[in-house]
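To start, the structure under review is shown below, and the notes come after it.
Treat the numbers as computed from the prediction; the structure is a model and nothing was measured.
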Amino acid sequence: MVEDQVLDNVLDPMGQPSGIFGRVSDPENKNTGVVLDPYLQPTQDLTSMEGQLMAPRLDSLDGKVIYLVETGFHGAKDFMNHAADWFARNMPEVKIESRSTQGAIFTDDPALWAEIEEKGDAAILGVGG
Amino acid sequence: MPVCPVVTARFATYVARDTESHAMPLRYTYPPYPVGWVSQDLLRGYIEGDDPITSKPLMQEMVDALTQPLTEDEKNPKVVKRPERPRFLKKDTVKNYKRMFIENGWTDGMPIELPTEEKVAEMLTGTDHPPDEVVGMMSVTTHEERYEYTVEKVAINAVMAGARPEHFPVILALAASQEPSMPSSTTSFGRMVVVNGPIRNQININCAAGAFSPFNFANSVIGRAYTLMSFNFGNAKIGENFTASFGNVTNYNNMFAGENEEESPWEPLHVEKGFKPEESTVSLFRGWDINHLGMGTPDGTAERMAEAMNGMTSMIPGGTFILDPLTAKNLKDKEGFNTKEDFRKWLSEQIKPNKSPFPMRPMMISLVVVGGEWNPMFTTTDFVYTQTVSIDKWIPKEGVRLDDKPIRMPAPVVCKDGGCGIR
């Protein structure tokens, strides 16, 4: 095959966008990394996906309860402590509640989300990465 | 409820991809990177300073994220559907294609075989499955859109890697795992792939001397094909969704080898996992490093392996020992470990709490017999077993499709008397 030869039959190596996001590990499999059959697991599918609207914003944070949630990445707790300190110094009218998510990084914490929904007005989550 | 997610600036592109993909606008705030392993003074400086992405004061940005009214764009998030990709690339010269494949990130940067329709058709003779059969979906992340691939797409990547039709069933089995060879993580995952069963000998997969070194055609091209599939099906984009900080040298061919079943005194790995001895399989291991080379002593190998295990540090509680067959034979014949399970159980009992990442569960310790019986050695890795996939499904009914004159690299010297003088 010479360098200047023209070809019209070279195939695209990329897969096709599936419209399906994320993967779920097989809960029955004790080994990590094994995913459920993608056609059988719960998925977010572009064919049924709609734009996700953010919640309406608050008029101000005065007198509001803001949850500062650290999600387990190294340094996140210290970062959020400094953020809480900033609020205390600069916006003392804001009531800060500091929390850590339970379990390992990436672990869901439904109990905390329920608490925030019941008692909070807004949340700052981090620090990712 | 208003939420402000905080993500370090290093991951701004990463989360921007998510925002677009999911039609889910979020008001991120980006402190500088890193947040971990830095001084309190530096963290305080981040809080008092600016977001390096927007150049706005960081904390005021958080306040604004919770209080500023939604913009029109935020009120009308658009779902972006990626267009279906055409089967053929646009007509071009060989020279330009070579550049295109490298510059588009479709390869590992080394020369490839261009996947012309003829070459792909030839590769497809390596299986009876139709070209349009869907094999699976993959993403190097846990959350992004997965790319679907057919038998033909797998064949395209197999051609690019330099494989022959005889290798195709193994490559299809790797694709069927739906597990990318190099999942995205700042920690830089590595991979080990171990083949068991008759196909090892049919296509000359190296299980013996130098099995993990580049001295075998099958080991090289199949391992490489797995990486190319992770680029092109897993959609790995360095700096965007692929976040390995160091990278991992195993990503080049994924430590691809066969288990030396013939010289192992124990049952093969795939039989441990519930497959029949006459089935061919591919087993996957994920981790980071080869930690330690050890050697047996006249007093025994098991104790040395337990010491090595207790000296390991790893982020995942588990690991895999790679054993030269001589080591495995010593463990059985001299130290009385009649099965892998016996030895695993004994090893798990030697774990010193708080000294080793291994939990006291035998299932998290894997034993794989590979090597050429040069010395009774073992290596310790922090790889953990993930899954075993059948290759047989992908082999043609008439058997593995060998070339008339299969390509073989120089074979390792085989110990003719079976003893090597050091057993």
Side-chain angles (χ1 to χ4, degrees), chain A residues 1-23 29-35 38 44 46 49-61 66 73-76 78-79 82-83 86 90-91 116-117 120-129, chain B residues 1-8 10-11 23-25 35-37 43-44 47 59 62-63 66-70 74 77-79 81-82 84-85 87-89 91 93-95 97 106 114-117 120 137 142-143 145-149 153 156-157 160 178-179 232-233 286 384-387:
Chain A
M1 202 177 282
V2 292
E3 293 287 289
D4 58 358
Q5 181 182 352
V6 175
L7 300 176
D8 62 358
N9 63 347
V10 176
L11 292 154
D12 176 21
M14 290 284 290
Q16 291 291 357
S18 67
I20 297 176
F21 289 79
R23 62 176 194 248
N29 195 313
K30 293 185 175 65
N31 300 303
T32 56
V34 180
V35 295
Q44 194 175 19
L46 268 180
M49 191 192 294
E50 294 177 358
Q52 310 288 305
L53 270 179
M54 284 192 287
R57 304 288 108 170
L58 302 171
D59 293 333
S60 88
L61 299 188
I66 309 299
F73 274 97
H74 204 278
D78 288 338
F79 179 91
H82 286 295
W86 184 92
N90 294 280
M91 299 181 73
I116 295 173
E117 191 166 16
D121 294 301
I124 296 171
L125 311 179
V127 178
Chain B
M1 171 183 300
V3 171
C4 171
V6 182
V7 175
T8 60
R10 188 71 183 81
F11 288 81
M24 183 175 62
V35 164
W37 298 281
L43 281 182
R44 200 173 300 116
I47 292 289
M59 291 305 296
M62 290 189 206
V63 172
L66 300 174
T67 55
Q68 292 298 307
L70 301 186
E74 288 171 336
K78 301 279 190 302
V79 176
K81 293 185 181 177
R82 292 188 177 90
E84 187 171 332
R85 298 183 67 89
R87 183 166 174 246
F88 289 101
L89 300 173
K91 183 165 69 174
T93 63
V94 170
K95 182 180 179 182
Y97 276 128
W106 294 339
L114 284 179
T116 60
E117 193 172 21
V120 172
M137 292 186 209
T142 55
H143 57 280
E145 182 176 12
R146 285 174 295 156
Y147 277 51
E148 185 179 82
Y149 43 91
K153 288 286 186 186
I156 292 167
N157 283 267
M160 289 165 60
Q178 304 190 77
E179 196 176 331
N232 297 321
F233 306 157
R286 187 186 62 194
V384 294
Y385 169 80
T386 60
Q387 61 174 316

*Tell me, side chain or backbone of Leu114(B) under 4.5 Å from chain A's heavy atoms, or both, or neither?*
side chain

*Could you tell me which portion of Val120(B) (side chain, backbone, both or neither) has an atom closer than 4.5 angstrom to a non-hydrogen atom of chain A?*
side chain

*Considering only heavy atoms from C-beta outward, does the side chain of Val6(B) approach that of Phe79(A) to under 4.5 Å?*
yes

*With sequence neighbours excluded, tell me which residues meet ring-ring contact (aromatic ring centres under 6.0 Å, His included) with Trp106(B).*
Phe101(B)

*For Arg87(B), is it the side chain, the backbone, both or neither that has a heavy atom under 4.5 Å from a heavy atom of chain A?*
both

*chain A contact via Phe11(B) - side chain, backbone, both or neither, heavy atoms under 4.5 Å*: side chain

_Rounded distance [0.5 Å steps], CG in Asp59(A) versus CD in Gln68(B)_ = 10.5 Å

*Indicate the atoms forming the closest heavy-atom contact of Pro2(B) with Ala55(A), along with that distance.*
N-CB, 3.9 Å

_Main-chain N/O of Glu148(B) paired to Ser18(A) side chain as donor or acceptor, under 3.5 Å_ = no

*Rounded distance [0.5 Å steps], CG in Leu43(B) versus NE2 in His82(A)*: 5.0 Å

*Relative to chain A, which of Met160(B), Met1(B), Glu74(B) shows the most heavy atom pairs under 4.5 Å?*
Met1(B)

*At a heavy-atom separation under 4.5 Å, does Asp78(A) approach chain B through its side chain, its backbone, both, or neither?*
both

_Distance, nearest 0.5 Å, that separates CE of Met59(B) from CG of Asn90(A)_ = 8.0 Å

_Min side-chain heavy-atom separation Val94(B)-Val2(A) under 4.5 Å_ = no

_From OH (Tyr149(B)) to CD (Gln16(A)), nearest 0.5 Å_ = 13.5 Å

*Among Thr67(B), Leu70(B), Val7(B), Asn157(B), who wins on heavy-atom pairs under 4.5 Å with chain A?*
Thr67(B)

*Nearest heavy-atom pair of Arg57(A) and Leu66(B): which atoms, and what distance?*
CB-O, 3.4 Å

Atom pairs and distances, side-chain donor-acceptor, residues 5-15 of chain A, under 3.5 Å, sequence neighbours left out:
unit_1: Asn9(A); atom_1: ND2; unit_2: Glu118(B); atom_2: OE1; d: 2.6
unit_1: Asn9(A); atom_1: ND2; unit_2: Glu118(B); atom_2: OE2; d: 3.2
unit_1: Asp12(A); atom_1: OD1; unit_2: Met14(A); atom_2: N; d: 3.2
unit_1: Asp12(A); atom_1: OD1; unit_2: Arg85(B); atom_2: NH2; d: 3.3
unit_1: Asp12(A); atom_1: OD2; unit_2: Arg85(B); atom_2: NE; d: 2.6

*Please state whether the side chain, the backbone, both or neither of Met24(B) comes within less than 4.5 Å of a heavy atom of chain A.*
both

*Closest heavy-atom pair and its distance - Leu53(A), Pro77(B)*: CD2-CD, 3.9 Å

_Part of Met62(B) lying under 4.5 Å from any heavy atom of chain A_ = side chain

*Can you measure from CD1 (Ile20(A)) to CD (Glu145(B)) and round to the nearest 0.5 angstrom?*
8.5 Å

